[in-house]
Number of protein chains: 2
Amino acid sequence: MEPKILSAVSRSTLKRLPLYLHVLEDLHRRGVVYVSCTTIARKFDFGPILVRKDLEVTGAAGKAKIGFRVAGLIDDIKKFLGWHNVQDAFLVGAGNLGKALLGYQDFDSYGLNIVAVFDNDPRKIGTRIFNKEVLALDKLAPLVKRMHINIGIVAVSSEGAQAVVDALVAAGIRAVWNFAPAPLEIPEGVILENARLTQSLAVLTNKLKSLLAGPEKE
Amino acid sequence: MEPKILSAVSRSTLKRLPLYLHVLEDLHRRGVVYVSCTTIARKFDFGPILVRKDLEVTGAAGKAKIGFRVAGLIDDIKKFLGWHNVQDAFLVGAGNLGKALLGYQDFDSYGLNIVAVFDNDPRKIGTRIFNKEVLALDKLAPLVKRMHINIGIVAVSSEGAQAVVDALVAAGIRAVWNFAPAPLEIPEGVILENARLTQSLAVLTNKLKSLLAGPEKE
DNA sequence: GGCCTATCGATGCAATTTTATCGATAAAAC
DNA sequence: GTTTTATCGATAAAATTGCATCGATAGGCC
Ligand SMILES: NC(=O)c1ccc[n+]([C@@H]2O[C@H](COP(=O)([O-])OP(=O)(O)OC[C@H]3O[C@@H](n4cnc5c(N)ncnc54)[C@H](O)[C@@H]3O)[C@@H](O)[C@H]2O)c1
Ligand SMILES: NC(=O)c1ccc[n+]([C@@H]2O[C@H](COP(=O)([O-])OP(=O)(O)OC[C@H]3O[C@@H](n4cnc5c(N)ncnc54)[C@H](O)[C@@H]3O)[C@@H](O)[C@H]2O)c1
């Protein structure tokens with residue numbers, strides 16, 4: 001079957017695919033060749049039918065009784081997500097979070113490669129973090145064009161975030177991955193995706209509140 | 001109206017509440033006293049009705065024509081999320097991400113306060129990060145009990161994550177905020193919430209792939 | 001003061017998302 | 001070789017989520 005092209009693919013499905021990928025790569029490392037949706041679903045709190053429906057969008061095909069070939073499935077998901085070819089990206093903001101992102105080894109297996117860091121703090125410009133030199137913002141636009149960069153990562157404070165996004169867009173960036181909590185504006189035709197940690201935290205603390213308040217009922 | 005208690009509150013709603021909070025706190029800083037759902041919704045790509053429905057669960061009440069009192073709404077959301085009282089939390093994993101989390105100033109406004117850090121790397125134990133000493137894992141259980149800690153944050157590598165969660169649960173932790181990509185098992189009655197950056201990245205790269213492949217169609 | 005307009009809050013409808021059902025198929029068991 | 005069982009793939013049902021409508025209300029306007 002062909003993978004879905006112009007994305008009627010739901011966000012929920014898209015967000016579950018990397019979960020499967022992690023499980024699959026673990027199985028692959030352990031030498032497992034075939035896997036069923038039932039086996040994958042056991043790792044999560046939802047059922048095998050949902051897994052099957054999700055995998056459908058990637059174009060992967062399984063066989064009755066034996067399931068999907070692990071290696072093939074990994075390839076299909078990665079291709080569908082665009083992780084089979086690693087994309088170069090620019091990072092803006094060399095603070096605490098920026099450093100962590102720079103030092104993260106695994107991004108390449110998620111199709112991402114941070115090739116340069118920018119900051120507006122003169123004390124940081126010129127220093128090296130994880131063997132990458134921190135560059136001034138006026139280098140951003142020419143380098144985006146010269147290196148044909150599509151992805152910009154925003155890890156600056158909330159106040160600076162909109163200005164940084166505007167600069168990235170003006171420079172020709174096609175997609176922005178934003179870590180600041182502020183809601184940002186972006187023109188048509190450019191992708192904005194927010195990595196909001198606090199959303200996850202909100203779910204946690206709310207559940208915890210209920211748990212601590214009334215563990216007797218359910 | 002009373003806030004919803006035993007949570008039939010959807011995850012989607014829960015995840016939008018912190019977004020509103022950020023907008024509201026911005027308005028509050030700028031001296032705005034009343035705000036309507038329409039105004040809030042303008043910052044996002046969904047409508048005022050959804051905002052109103054979301055706010056309903058917090059128990060906040062607005063007035064016709066003028067909307068909600070900003071300060072009151074902030075309080076109501078924070079109370080609903082459990083962010084009005086700051087909870088102490090333990091962090092396990094003093095690596096790149098762990099350092100970033102430790103250095104994050106704003107957690108207290110999200111109801112979280114990291115009070116101690118643990119690691120199993122003997123070279124890290126005893127060092128100080130952001131003025132907090134890195135402790136050995138055998139200190140974990142007694143301190144959880146002594147300090148009545150409810151929240152554990154996992155920022156260790158995937159391989160170590162399950163063992164760390166097990167240790168946290170054994171020590172009496174009630175809720176785990178996990179940053180490792182591995183799917184973890186947790187017993188009934190303990191909350192597990194995964195902060196998965198790669199989910200957000202998956203949405204981004206997939207959209208970008210579609211954008212780069214066919215910008216002609218929509 | 002009466003009318004107009006923006007907004008809330010409630011109810012009902014539409015779309016999306018998840019779950020269940022069922023026949024087909026391929027491997028395993030007997 | 002036949003039966004049994006696990007799984008896929010498709011379709012249909014159920015549940016959830018998001019959206020629209022409508023009356024009520026409070027403030028602004030004439
Ligand atoms: N640290 C975390 O764990 C964490 C967690 C969730 C969200 N965030 C968010 O990520 C962002 C960064 O957090 P952080 O802890 O790294 O903050 P930080 O203060 O340590 O770093 C911010 C960096 O951005 C730079 N900067 C600020 N404005 C800039 C601009 N206009 N142009 C270029 N550079 C600019 C600063 O010089 C600094 O180096 C914040 O918006 C924060 O809310 C951080
Ligand atoms: N750095 C990032 O930007 C980033 C982004 C997304 C997810 N993550 C995830 O967060 C986790 C941590 O990432 P990182 O970049 O900080 O890695 P890291 O290697 O820098 O840090 C891991 C730390 O955990 C400690 N550790 C390992 N096993 C342990 C155990 N069993 N008990 C106690 N401590 C243990 C190590 O000593 C080390 O200090 C990983 O699972 C990673 O996949 C990181």
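In what follows, chains carry the letters A, B, and so on, assigned in the order in which the sequence lines appear, proteins first and then strands, with residues in each chain numbered from 1.
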**Student:** Identify whether any heavy atom of B/R11 sits under 4.0 Å from a base atom; if not, whether one sits that close to sugar-phosphate; answer base, sugar-phosphate or nothing.
**Tutor:**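 The residue B/R11 makes no contact with any strand.
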
**Student:** Within this structure, what is the CG-to-P distance between A/L14 and C/dT16, rounded to whole angstrom?
**Tutor:**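 About 16 Å, once rounded to whole Å.
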
**Student:** What is the nucleic acid contact for B/T13, judged by heavy atoms within less than 4.0 Å: base, sugar-phosphate only, or nothing?
**Tutor:**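 Nothing, no nucleic acid heavy atom in range.
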
**Student:** Taking NZ from B/K53 and P from D/dA20, how many angstroms apart are they, rounded to a whole number?
**Tutor:**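 For the pair B/K53 NZ and D/dA20 P, the rounded distance is 14 Å.
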
**Student:** Considering just the side-chain nitrogens and oxygens of A/R52, establish if one lies under 4.0 Å of OP1 or OP2 belonging to D/dG9.
**Tutor:**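 Looking at the OP1 and OP2 atoms of D/dG9, neither is under 4.0 Å from any side-chain N or O of A/R52.
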
**Student:** Check the distance between D/dA15's C1' and A/F46's CZ and give it to me in whole angstrom.
**Tutor:**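 It is 17 Å, rounded to the nearest whole Å.
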
**Student:** Not counting sequence neighbours, which residues clear salt bridge (charged side-chain N to carboxylate O under 4.0 Å, His left out) with A/R16? List them please.
**Tutor:**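 Scan of A/R16 (salt bridge (charged side-chain N to carboxylate O under 4.0 Å, His left out), adjacent residues dropped) gives A/D54.
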
**Student:** For residues 25-37 of chain B, which residues have at least one heavy atom under 4.0 Å from DNA chain D?
**Tutor:**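 None - not one residue of the stretch has a heavy atom sitting under 4.0 Å from the strand.
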
**Student:** Contact between A/L50 and A/F44 at the side-chain level, heavy atoms closer than 4.5 Å - yes or no?
**Tutor:**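 No; the side chains remain at least 4.5 Å from each other.
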
**Student:** Figure out the CG/P separation between A/L73 and D/dC8, and round it to whole Å.
**Tutor:**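 Value for this atom pair: 10 Å.
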
**Student:** Rounding to a whole Å, what distance do you find between B/K65:NZ and D/dT25:C1'?
**Tutor:**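 Answer to the nearest Å: 11 Å.
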
**Student:** What's B/L50 touching, base or sugar-phosphate or nothing? Going by heavy atoms closer than 4.0 Å.
**Tutor:**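 Sugar-phosphate only.
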
**Student:** Tell me which nucleotide among C/dC8, C/dT17, D/dG9 gets nearest to the side chain of A/S12.
**Tutor:**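 The listed nucleotide nearest to A/S12's side chain is C/dT17.
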
**Student:** Write down the atom of B/A161, the atom of B/L184, and the distance for their closest heavy-atom approach.
**Tutor:**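 Heavy atoms only, the tightest pair is CB-CD2, 3.8 Å.
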
**Student:** Please check if atom NE2 in A/H28 has more than 12 non-hydrogen atoms from other residues, nucleotides or ligands closer than 6.0 Å.
**Tutor:**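 No, NE2 of A/H28 has 12 or fewer neighbouring heavy atoms, counting only those of other groups under 6.0 Å.
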
**Student:** Under the salt bridge (charged side-chain N to carboxylate O under 4.0 Å, His left out) test, which residues partner B/R42, sequence neighbours left out?
**Tutor:**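 Partners of B/R42 under the salt bridge (charged side-chain N to carboxylate O under 4.0 Å, His left out) test: none.
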
**Student:** With nearest nucleotide decided by heavy atoms, which residue, A/A64 or A/R16, maps closer to the 5′ end of DNA chain C?
**Tutor:**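 Per heavy-atom nearest nucleotide, the more 5' residue is A/R16.
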
**Student:** Rounded to whole Å, how long is the line connecting atom CG of A/L55 with atom C1' of D/dA10?
**Tutor:**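 Spelled out: CG on A/L55 to C1' on D/dA10 is 15 Å.
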
**Student:** Separation of B/F44 atom CZ from D/dG18 atom C1', in whole Å?
**Tutor:**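 About 16 Å, once rounded to whole Å.
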
**Student:** Can you tell which of D/dA10, D/dA20, D/dT17 lies closest to the side chain of B/I49?
**Tutor:**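 Of all the options, the side chain of B/I49 is nearest to D/dA20.
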
**Student:** Starting at atom CG of A/D54, determine the distance to atom P of C/dT16, rounded to an integer number of angstrom.
**Tutor:**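 Distance check: A/D54 CG to C/dT16 P gives 17 Å.
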
**Student:** Taking all heavy atoms of A/D119 and all of A/G95, pick out the closest pair and write down the distance.
**Tutor:**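 Closest pair (atom of A/D119, atom of A/G95, distance): OD2-N, 4.3 Å.
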
**Student:** So B/I66, base contact, sugar-phosphate only, or nothing? Heavy-atom distance under 4.0 Å.
**Tutor:**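 Here B/I66 touches the backbone only, sparing every base.
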
**Student:** Should the ring pair B/F118 and B/F90 be called parallel, tilted or perpendicular, given that the plane angle runs from 0 to 90° and is split at 30 and 60?
**Tutor:**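 The arrangement is tilted - the two ring planes meet at 30° to 60°.
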
**Student:** Decide yes or no, distance alone: a donor-acceptor N/O pair under 3.5 angstrom between the base of D/dT7 and the side-chain of A/K63.
**Tutor:**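 Looking at the base of D/dT7, it does not pair with any donor or acceptor on the side chain of A/K63 (distance under 3.5 Å).
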
